Structures are given as structure tokens and as C-alpha cells.
Protein chains: 2
Amino acid sequence: MKLNTKTRYGLRAIIEIAMNSSEHGVLQKDIAKTQNISNKYLDQIIAELKSADLIVNTGGKKSGYRLNGDPKKITAYTIFKAFNSSLQLIDCMSSNECCKTKMCAAQSFWCGLNDHIVSYLQSKTLYDLVQEQSKIQKNNDLVMFYI
Amino acid sequence: MKLNTKTRYGLRAIIEIAMNSSEHGVLQKDIAKTQNISNKYLDQIIAELKSADLIVNTGGKKSGYRLNGDPKKITAYTIFKAFNSSLQLIDCMSSNECCKTKMCAAQSFWCGLNDHIVSYLQSKTLYDLVQEQSKIQKNNDLVMFYI
DNA sequence: TTGTATCCTACTAATCCGATAGGATAATAT
DNA sequence: ATATTATCCTATCGGATTAGTAGGATACAA
């Protein structure tokens, strides 16, 4: 079980956008630089965030990206779905026939895990992540100041 | 994020073994039949369960496989690790340097999800799964009886 | 009109994964 | 003893997915 890189990069990107939405917005190439992601690759990631209506690029090309909506209402699950369509750990989740045998304890166990993950993703909002990120940055500043 | 088939099949297999350990044990080919898994493929799965010391094949080839240990002490996480070495959703989990940038909120978020999954896997024992499986089978019998 | 940033589509190289194949080994039945 | 059967072990293959690149179109601004 591994998270794909688009989801990883995508979350980092939208956190950066969320942290600068109140000001001028962020240029894609600046995200690429600070997040250390190839700008070409970021093309696709930004595109998926846009088509999921999570970010907008208002007012001409130099204005940068902004968040589309309240960060307290955008959950990590929403962001996750922008890159994964949905979370489905196993294929036979919705039916009660699993792999041509009867429904089994294994199936319901994996479904339980699936639900567990989804509710974790739903419990964290983009607002939470921004809060945490700025706390981290503040700590970094302190460390740098005192050394 | 997807679960690989070896883990899926492996869990089903070890549940079947656990349910028959007190009697004669289970032959691999019988597991293959009831679980609808290619016997050749099951070769590899059984091998991994064995090298993780979760099952044994005592007393000659016709005696079948048995559980090696108390099902209340074998957790789903142990079984999971037999097929996945460990759970690591992202690569940069142990270091506080993530993808050449500073430590970030995204990283700690994914680490949190990782912990969450692990503790879910640890919370379920093989005994629990066996209990659930026999309940399911009893229900199936009831349904069949009354129809 | 030149430069720069985003947008859009196609492609490639690499990796992983599910499954198969073939044969060695060992125990058992006849 | 010999044939049979089940497990054991290694190699391989085809397919799918994925991370990342490439190239150019569009749109806007200096």
C-alpha cells in the first residue's frame, strides 16, 4: 500500500496555495520552486486540483492560484479524491459476493479498514493543515534565530 | 492506494487454516479450492506465511497446515507484515527531511494516517476474524435451511 | 511583438504485480 | 520398489500502472 506522488505533491501544493490565498495568490512556478517539484509535472497536478474545483486562477495569468472555498470546509478526503477518484482498498467492496466465494470475514475486515481511512481523511480539514504548517514554519524560524 | 492480492488471499487462507487447526489441519490444495485461488499461486502465499512462522506443516505431507501459535496473539498487522514487510504510505516517513524540503504538515499528516492504519490492523486478532467468519457461515446455514 | 505562464495531449521508461511454468523433493499408497 | 501426489523452490512473462518528460498551443502583459 503506497500513496501515489500526485496525491503527495497535490496536498503540499494546495497547502501552499491555501496559505497565500488571502494575498496575491501563488504562481505555479513558485510552487514548483518551493516544493521542489518539476514545473512540468506540476502542470498535471494543478490541472487536477482545478478540475476538482478546489482552486481557481482569477484575473489574468500573473495573479496566481487561490483557494476556491472555505478551507474549513475542504477536507483531506476531498483533496484525496481529486487524485484518486475514490478510495477502494479492494475490488469487491460494494457487493456481498467476494471473489466468487461467499461473503467472508476478510472482506468485511478490509471494508472496515477502508471506512477507517476515509473517516481519518474526512476528519482533517485544509484549515487544520494550514495551521499546522504555519506552526512548523514558526518553529523553524525560532530554531534558526537561536542557532 | 490498493491492497495487493497476496495480502488479500493470505488473510483468507490463514483464516481457513485457523478454523481447522484443532482438527487435522488443512491441505493447501483444499484451501485453493474453497478460496478459489490457483494452487500454484497459493504456493507462494503459503510460503510467505510459513517463513513468517505463522503456520506449520507438522507430521508429514498429508497432515495439512496448522496455525503456529495462539490466534488471540496473532494480529492482522502481523499477517499484513508477512506480505508487505511493513506499512509505509510515503517514503520520507522516518526522517524529518521530506523530499529535500523542510519537514511539512503534509508529511506529518500522512504519518498520522499511517499510524492510524497500523493501529487498526493491530486491534484485530485472528481470533476475532475466526469468530466473525463462523458467525457468517452459521448465518449462511440458517438462510439455506429456511429457504 | 516578444516573453512568459498556463494549458493540453501524447509519450516513454521504469517499476511493480499477478499469475504461470517447470521441475526438485519428500512422503505415501499400492 | 515404484507410482503418485503434495509441497517446495526459482525463474519468468505479460500487463498494468505510474512518475516524469516533451512539445507545442494559448493567452496575456510589458
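From a predicted model like this one, the values you see are computed outputs, not experimental measurements. Lettering follows sequence order; numbering is per chain, from 1. Basis for what follows: all heavy atoms, side chains included, without hydrogens, waters or symmetry-related copies.
In this structure, Leu42(A) atom CG and dA19(D) atom P are separated by 14 Å, rounded to whole Å. In this structure, Asn57(B) places its CG atom 5 Å from P of dC8(D), rounding to the nearest Å. Taking atom OH of Tyr41(B) as the reference point, atom C1' of dC17(C) lies 7 Å away to the nearest angstrom. As a whole-Å value, the separation of Lys6(B) NZ from dT20(C) P is 13 Å. In this structure, Glu48(B) atom CD and dA19(C) atom C1' are separated by 14 Å, rounded to whole Å. Between Lys50(B) atom NZ and dT7(D) atom C1' the separation is 7 Å, expressed in whole Å. Taking atom NZ of residue Lys33(B) and atom P of nucleotide dT7(D), one finds them 12 Å apart after rounding to whole Å. Atom-to-atom, CD of Gln28(A) to P of dA27(D) comes out at 17 Å; the value is rounded to the nearest Å.
The side chain of Ser38(A) places no N or O atom within less than 4.0 Å of a non-bridging phosphate oxygen (OP1 or OP2) of dA19(D). For the OP1/OP2 pair of dC8(D) and a distance below 4.0 Å, the side-chain nitrogens and oxygens of Tyr65(B) include at least one atom meeting the criterion.
Interface remark: the Gln44(B) side chain does form a donor-acceptor pair with the dT20(C) base, using a distance-only criterion of under 3.5 Å.
Of the residues near DNA chain D, Lys29(B) and Ala47(B), the one whose nearest nucleotide (by heavy atom distance) lies more toward the 5' end is Lys29(B). In terms of position along DNA chain D, the nucleotide closest to Lys40(B) lies nearer the 5' end than the nucleotide closest to the other residue of the pair Lys40(B) and Asp43(A). Mapping Val26(A) and Met1(A) onto DNA chain C via the closest heavy atom, the residue that lands nearer the 5' end is Val26(A).
More than 12 heavy-atom neighbours from other residues, nucleotides or ligands sit within 6.0 angstrom of NZ on Lys2(A).
Side chains of Tyr41(A) and Thr5(A): a donor on one and an acceptor on the other come within 3.5 Å. Side-chain atoms of Gln88(A) and Asn114(A) include no donor-acceptor pair closer than 3.5 Å. No donor-acceptor contact under 3.5 angstrom links the side chains of Gln28(B) and Asn57(B), judged on distance only.
Residue-level contact check: Phe83(B) touches neither bases nor backbone, having no heavy atom under 4.0 Å from any strand.
Between Phe109(B) and Tyr120(A), the distance separating the two ring centers is shorter than 6.0 angstrom.
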